[in-house]
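Counting starts at 1 for both ligands and their atoms, following the listed order. Start at 1 with the first residue, then count along the sequence.
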Amino acid sequence: MSEILVEGLHRLRGEIGIQGSKNAALPMMAAAVLHKGMTVLNNVPRIQDVFCMMGILKSIGCKCSLDGHTLTIDASEISQTQIPREFLTAMRSSVILMGVLLGRCREAQAGYPGGCTIGKRPIDLHLYALKEMGTQIRETDGELYARTEGLKGSEILFSYPSVGATEQAVLAAVLADGATLIQGAAREPEIGNLCRLLNHMGAKISGIESDTLRIKGVNELKDTVYDIPGDRIVAGTYLYAVMAAGGEAVLRGICPAELNRVFQTARQMGAKLEWENLPGASFIKVQINDRPDGIWVKTSPYPGFPTDLQSPLMALMAAGNGNGEIRETVFEERFGTAEELRKLGARIEIQKDRARIHGMYPLRGETVQAADLRGGAALVIAGLAAEGVTKIQNSHHIFRGYEDICGDLQALGARVRYKDLIQRPYTKTGECTRNL
Ligand code: EPZ
């Protein structure tokens, strides 16, 4: 059983670099499959979801090698167009490979990705976009079979700015015949990064960072080397960790402009923030002396407050001073961490899509269970503000998105460590080490 132990009530101080972005890396790895050649991605985070995606790319015939944080993908040959079910179950975002395989091979097969601990997570918008572009899709026994005579450029109007469905439509449109107009597109920075990578590869995408994307289909792409940006959600997690423990820190290697709404919450809670947005020299500096105040926050699609930082913020407010409220509007079941925070003494009331938090400091160290990636990180944050030792079990969820949360926080002076590391499901070459 993978566990993380946190000894609380130690102030933090120091400087760390932020890992590459998980949610930018995954669609970029999918984009590499569109090209019958080499794509090299730098600053790739060494996390379980990347290793899982490497396993999928290898299973369809790509060659992948990860040397340090540099991932080389050779997609010259595609040997099969079925995404193995065990990978899709482990990582539902791999469904975006359907559009890539339809664009490259005119067919794709994938298991219907299920829901997870944060919600049902349907893919109706993904399938709508692929059908609009000329794909026939049938479902048999939970398996999706998609075929096309050739993807056609079309007009796509999303009823909701789904990140994954936008990535799906963009990836499918790159090699389609004709032009595609995507309206109601998600505006998360990961979409902009994906489009910039694709344009580096020879795609023709305009409207980047807006909710209206225009993609002119091309016949081929070219070898490319690209740097993955820092992970804004990891940076926000560590920002809240410093606020929970008290102290000051400098976080390097991210784009502060992507965290505007998060900075607003930190300042409202009493933190002193400075940041610099110089290419290659960007940083955020956070300093806090008193306990953070409770505030009112609503999650929403970018540029709103990111749902992925909702549970880390809940943990911070639980150890704060005063009352706060969080309204979750993106996922319907994303308050699961509250139950575990209550075991640490947190006072949280959930009513439908709202969580009311009554700050309590210090919390008390106990044994708790991580149930998902960001909820697990939230429990680490709470442990930093708890008396005694907090033991976080099932911490393998955290390794999906955080390369080394213990090492990073230790570098800031936190007393936190892994205990009894399990054999992680995926090796660093993408082999699956156990049945999932
Ligand atoms: C991406 O998931 C991220 N994952 C999530 O991060 C993130 O929470 C989410 O975007 C929102 O920002 C990756 O990028 C790998 P959505 P995705 O499609 O694409 C509904 C993390 O912790 N919806 O924008 O699945 C859906 O049910 C993960 O790093 C439909 O109704 O998110 C949800 O309520 C967790 N139909 C809402 O849209 C669809 O076809 C947002 O989902 C698709 C989505």
Indicate, as side chain, backbone, both or neither, the part of [X] found under 4.0 angstrom from ligand 1 when only non-hydrogen atoms are considered.
X	value
Val163	both
Asp372	neither
Arg334	side chain
Arg92	side chain
Asp124	both
Tyr160	side chain
His126	both
Glu167	neither
Ser162	both

Pairing donors with acceptors under 3.5 angstrom, does anything connect the side chains of [X] and [Y]?
X	Y	value
Gln19	His69	no
Asn277	Ser282	no
Gln310	Arg334	no

- Query: Looking at Tyr418 versus Phe399, is the centre-to-centre ring distance below 6.0 Å?
  - Reply: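 For Tyr418 and Phe399, the ring centres are under 6.0 Å apart.
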
- Message: Can you confirm whether or not the ring centre of Trp275 sits under 6.0 Å from the ring centre of Phe283?
- Response: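 No: the rings miss the under 6.0 Å criterion.
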
- Task: Considering only non-hydrogen protein atoms, determine which one is nearest to atom 3 (C) of ligand 1 and report residue, atom name and distance to 0.1 Å.
- Result: Asn23 ND2, 3.8 Å

- Message: Suppose we measure from atom 8 (O) of ligand 1 to each protein heavy atom; which comes out shortest, and what is that distance?
- Response: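 That would be Asp308 OD1, 2.6 Å.
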
- Report yes if Leu26 has an N/O atom closer than 3.5 Å to an N/O atom of ligand 1; otherwise report no.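 N/O-N/O distance below 3.5 Å does not exist for this pair.
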
- Give yes if a backbone or side-chain nitrogen or oxygen of Ser93 is under 3.5 Å from a nitrogen or oxygen of ligand 1, and no if not.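 Among all N and O atoms of Ser93, none is under 3.5 Å from an N or O of ligand 1.
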
